[in-house]
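Some notes on the structure that comes next.
A quick note: this is a predicted structure, and the numbers were derived from the prediction, not measured. In this chain, residues are counted from 1 in sequence order.
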Amino acid sequence: MNILYLASSSDFHMDLWVKYFTRENKVFLFSDYDYFQKDLPFENVKILKSYGILGKTSDNLGFKSHKLAQFNKLLSIKVFAKQIEEIIGNNQIDIVHAFSSYYGFLASFLNLSIPLIFTPFASSIIRHAPNNYIYRIMAQKSYK
């Protein structure tokens with residue numbers, strides 16, 4: 001089976017999932033580019049990264065703002081969704097697993113004919129969503 005994870009390539013939570021599923025499956029990981037984090041050394045995983053709309057320009061100009069990186073993620077949602085749909089088609093992906101509220105939100109923009117698993121972090125839903133308008137919108141759209 002070909003599995004596509006939508007997750008940060010620097011997220012240590014992914015390690016156990018990837019180790020388990022790479023035993024008998026081909027695993028891909030889509031991650032947006034974030035200059036604040038370093039990729040984990042996943043084995044037998046094809047990492048596919050995207051800068052989004054502002055990522056490459058801000059990186060080339062030396063802008064290292066965490067808020068700008070977060071803004072780029074939200075601004076680039078539809079660009080990322082189109083890239084992910086191309087990855088799914090080009091790699092005959094059988095299942096998509098969105099890992100975290102942001103990637104669940106991103107997955108809600110996909111036009112899928114294959115199964116989608118959504119695994120949010122509890123803190124994003126329990127702690128952040130009630131207190132942050134953007135997290136609340138992301139959580140509501142993710143669960144739909």
Side-chain angles (χ1 to χ4, degrees), residues 1-22 25-60 63-144:
M1 177 170 19
N2 292 341
I3 302 170
L4 173 62
Y5 282 100
L6 308 180
S8 171
S9 57
S10 64
D11 190 346
F12 69 91
H13 294 96
M14 289 295 302
D15 194 42
L16 291 176
W17 289 92
V18 167
K19 283 180 182 172
Y20 179 80
F21 283 104
T22 54
N25 304 284
K26 190 167 184 183
V27 176
F28 299 82
L29 173 73
F30 175 87
S31 180
D32 56 349
Y33 175 76
D34 188 344
Y35 40 76
F36 290 104
Q37 300 176 356
K38 186 175 180 171
D39 291 345
L40 291 177
F42 294 119
E43 292 182 28
N44 301 318
V45 176
K46 183 171 183 178
I47 297 177
L48 307 156
K49 295 181 89 169
S50 177
Y51 281 93
I53 294 171
L54 299 176
K56 190 74 165 173
T57 302
S58 64
D59 193 41
N60 288 340
F63 296 136
K64 302 293 184 199
S65 164
H66 188 65
K67 289 188 189 277
L68 179 62
Q70 297 304 315
F71 178 69
N72 182 50
K73 285 182 174 192
L74 292 175
L75 184 67
S76 302
I77 285 284
K78 290 191 177 183
V79 170
F80 292 152
K82 183 175 167 87
Q83 292 170 339
I84 291 166
E85 288 172 353
E86 289 174 6
I87 291 167
I88 290 168
N90 293 340
N91 295 285
Q92 299 153 348
I93 300 298
D94 298 301
I95 192 165
V96 175
H97 187 165
F99 202 78
S100 83
S101 293
Y102 167 72
Y103 287 102
F105 177 67
L106 171 56
S108 72
F109 287 86
L110 299 174
N111 183 13
L112 294 177
S113 59
I114 58 174
L116 168 70
I117 299 169
F118 171 45
T119 307
F121 296 133
S123 62
S124 295
I125 304 304
I126 296 168
R127 201 173 95 208
H128 298 306
N131 301 314
N132 183 297
Y133 178 74
I134 294 172
Y135 269 92
R136 188 169 33 254
I137 298 295
M138 287 173 44
Q140 289 170 351
K141 188 147 173 58
S142 299
Y143 278 105
K144 285 184 180 178

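Here D15 pairs with K19 under the side chain to side chain donor-acceptor pair (under 3.5 Å) rule; sequence neighbours left out. Take I93 and apply the side chain to side chain contact (heavy atoms under 4.5 Å, CB included) test, not counting sequence neighbours, and it matches N2, L4, F28, I88, N91, V96, I114. Every residue two or more places apart in sequence or in another chain was checked for a salt bridge (charged side-chain N to carboxylate O under 4.0 Å, His left out) with K46, and none qualifies. By the side chain to side chain contact (heavy atoms under 4.5 Å, CB included) test, I117 is found to be paired with I95, H97, T119, residues two or more places apart in sequence or in another chain being considered. Residues meeting the ring-ring contact (aromatic ring centres under 6.0 Å, His included) test with F109, sequence neighbours left out: F105. By the side chain to side chain contact (heavy atoms under 4.5 Å, CB included) test, S10 pairs with S8, Q37, sequence neighbours left out. Annotation: salt bridge (charged side-chain N to carboxylate O under 4.0 Å, His left out) contacts of D94 (sequence neighbours excluded): none.
In this structure, CG on N25 lies 8.5 Å from OH on Y20, to the nearest 0.5 angstrom. The CG atom of D11 lies 12.0 Å from the CH2 atom of W17; values are rounded to the nearest 0.5 Å. Distance OG/S76 to CG/D32: 8.0 Å, rounded to 0.5 Å.
You'll find the side chain of Y5 stays beyond 4.5 Å of the side chain of S31, heavy atoms only. Between L6 and L110 the shortest side-chain heavy-atom distance falls below 4.5 Å. Here the side chains of F30 and L106 are in contact, with some heavy-atom distance below 4.5 Å.
Smallest separation of non-hydrogen atoms from S9 and I47: CB-CG2, 4.1 Å. Counting all heavy atoms, side chain and backbone alike, N72 lies closest to G52 at OD1-C, 4.0 Å.
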Validation: residues 77-85 side-chain donor-acceptor distances under 3.5 Å, sequence neighbours left out:
unit_1: Q83; atom_1: OE1; unit_2: S50; atom_2: OG; d: 2.6
unit_1: Q83; atom_1: NE2; unit_2: S50; atom_2: OG; d: 3.3
unit_1: E85; atom_1: OE2; unit_2: N111; atom_2: N; d: 2.6

